[in-house]
Amino acid sequence: MSTSKSALPHRLRQRAAILRALRRFLDDEGLVEVQPPLLVPSPALEANLDAVPAGGRWLHTSPEFHLKRLVAGGLHRVYSVVPCFRAEEHGRHHRREFTLLELYVTNARYDDLIPLVTGLVAAAAHAVGVPAPVFRQVTVAELFGGTVPQDDDSFYRAWVERVDPALGNPTFVLDYPARQAALAQLRGPVAERLEVYLGGLELGNGFSELRDGAELRERFAESGRQRRSCGKEPHPVDEGLIDATARLPRCAGIAIGVDRLVMALTGVDDIAEVVVEADETP
Amino acid sequence: MSSYYETADFRNGLKIEVDGIPYAIVYFQFVKPGKGTAFTRTKLKNMLNGTVIERTYRSGETVLAADIEETPVEFLYEVQGVYTFMNQESFEQIELPGDAVGDEKRFLQENLQCSILFWKGKAMNVSLPNFVEDVVEYAEPAVAGNTSTGATKAARLRCGAEIAVPLFIKEGDMLKIDTRDGSYVSRVNK
């Protein structure tokens, strides 16, 4: 779009203001900013995440595995703002290369993330002169009217066709099916997992973090089975993460897409308008 | 032989066959719900009747390519409800009954460049240019005193079509008309 290119300098100033506000807010909350490694031996747990290979390793799909090592090692309030890489993801709301703000706080459950993220987004909104969003809370079961589809394929199809288009207002969605726990703790049939939506965009995903190393090993195995069944290589099991998970204090963490946060707060619907992109060809 | 597209091939204007009907992709978006599988959300325009439907495809799913072809033609003449065109590539003549030509046929005039959509080798409909020019053959006289803005009167064009025009239009004026909705656009200076 021709309009997006001419608006880019303005959007990048707004993006810089938002980034400053995010960091100031988290620094004031006592979180420590760190730079996790981007080149890693094990890029992800989830079966549906595909990593970009680089230099005999992988570009990370999120900083989760190394931030958790730090939390287990005694850095109890920690965050990073880093580029992440996911192969095959490209569209108005997706890029292979994008920026994640990921944070962890101890002595917290997933629902303790709600006031923290609400404050964080309010600070970012203030930085660009828009009102702080007022979030509602709803469970996955409520969104589906009580009957949550049992298999993943019908769940995600219904999500894309019916549920997601109705999430236009600022919303925290809580309590996902246990099958979709990723690295969250379970509570009965649900995972203590939440997602935050703003401006119709899925902004972030948070958990009460799993602290059971054996359970994590089983989830790596299950993800590997799913990947093999659709002809993909399983992700390598991250032994350092299994060790760190077993030593984790009670904690919660969330990853927020910075590009999408900027989009939501500045009212644009194409990620191309808020990021600096490489040329298609040299 | 049928050919297929994958979701990664989707782009606006791509013609695909769904449930035995040819559609053109008019909107597509990559979507991937948190921790979920990837999909492509689409809006598809029915190439036979213009209605738009929404479809969601799993990434990697294949769809049938529509066996559809658009051929440039020139309108020659109409005799007793049969419309004759000349294929601008092969110079063959193509005869179509009025119902295959569609509503836009009222704006057809000799030597007008159009295109015919062939679906599995059969002519389905004729697309006119979005705008055509034609001469006013008859216009009602303006009613004195009626000066309200936007007031219109009926006029008949040389091609035979009747359209609503502003009050100042006179017989012999050359007009620009939007063939998609049959509306008056402007008077053209001769």
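Basis for what follows: all heavy atoms, side chains included, without hydrogens, waters or symmetry-related copies.
- Side-chain contact between His93(A) and Gln29(B) is present, with heavy atoms from C-beta onward closer than 4.5 Å.
- Using a 4.5 Å cut-off between heavy atoms, Arg193(A) contacts chain B through its side chain alone, with no backbone atom that close.
- Taken to the nearest 0.5 Å, the CZ atom of Arg179(A) stands 15.5 Å off from the NZ atom of Lys35(B).
- Side-chain contact between Phe30(B) and Glu89(A) is present, with at least one heavy-atom pair separated by less than 4.5 Å.
- Exactly one of Asn48(A), Asp152(A), Val160(A) qualifies for a side chain to side chain contact (heavy atoms under 4.5 Å, CB included) with Thr37(B). That residue is Asn48(A).
- Within a 6.0 Å radius of CD in Glu89(B), other residues, nucleotides and ligands contribute more than 12 heavy atoms.
- A salt bridge does not link Lys32(B) to Asp164(A): none of the charged nitrogens lies less than 4.0 Å from a carboxylate oxygen.
- Atom CZ of Arg96(A) has 12 or fewer neighbouring heavy atoms from other residues, nucleotides or ligands inside a 6.0 Å radius.
- Rounding to the nearest 0.5 Å gives a distance of 4.5 Å between CZ of Arg58(B) and CG of Asp153(A).
- Heavy-atom minimum distance, Arg157(A) versus Phe39(B): N-CZ, 3.7 Å.
- For Lys153(B), the NZ atom is densely surrounded, since the number of other residues' heavy atoms within 6.0 Å is greater than 12.
- At a 4.5 Å heavy-atom cutoff, the contact between Asn205(A) and chain B is made by side-chain atoms alone.
- Only the backbone of Glu88(A) comes within contact range of chain B, with at least one heavy atom under 4.5 Å from a heavy atom of that chain.
- Of all non-hydrogen atoms in Gly34(B) and Glu195(A), the two that sit nearest each other are CA-OE2, 3.4 Å.
- Heavy atoms of other residues, nucleotides or ligands lying less than 6.0 angstrom from CD of Gln93(B) number more than 12.
- Of all heavy-atom pairs spanning Trp159(A) and Pro33(B), the tightest one is CD1-CB, 3.5 Å.
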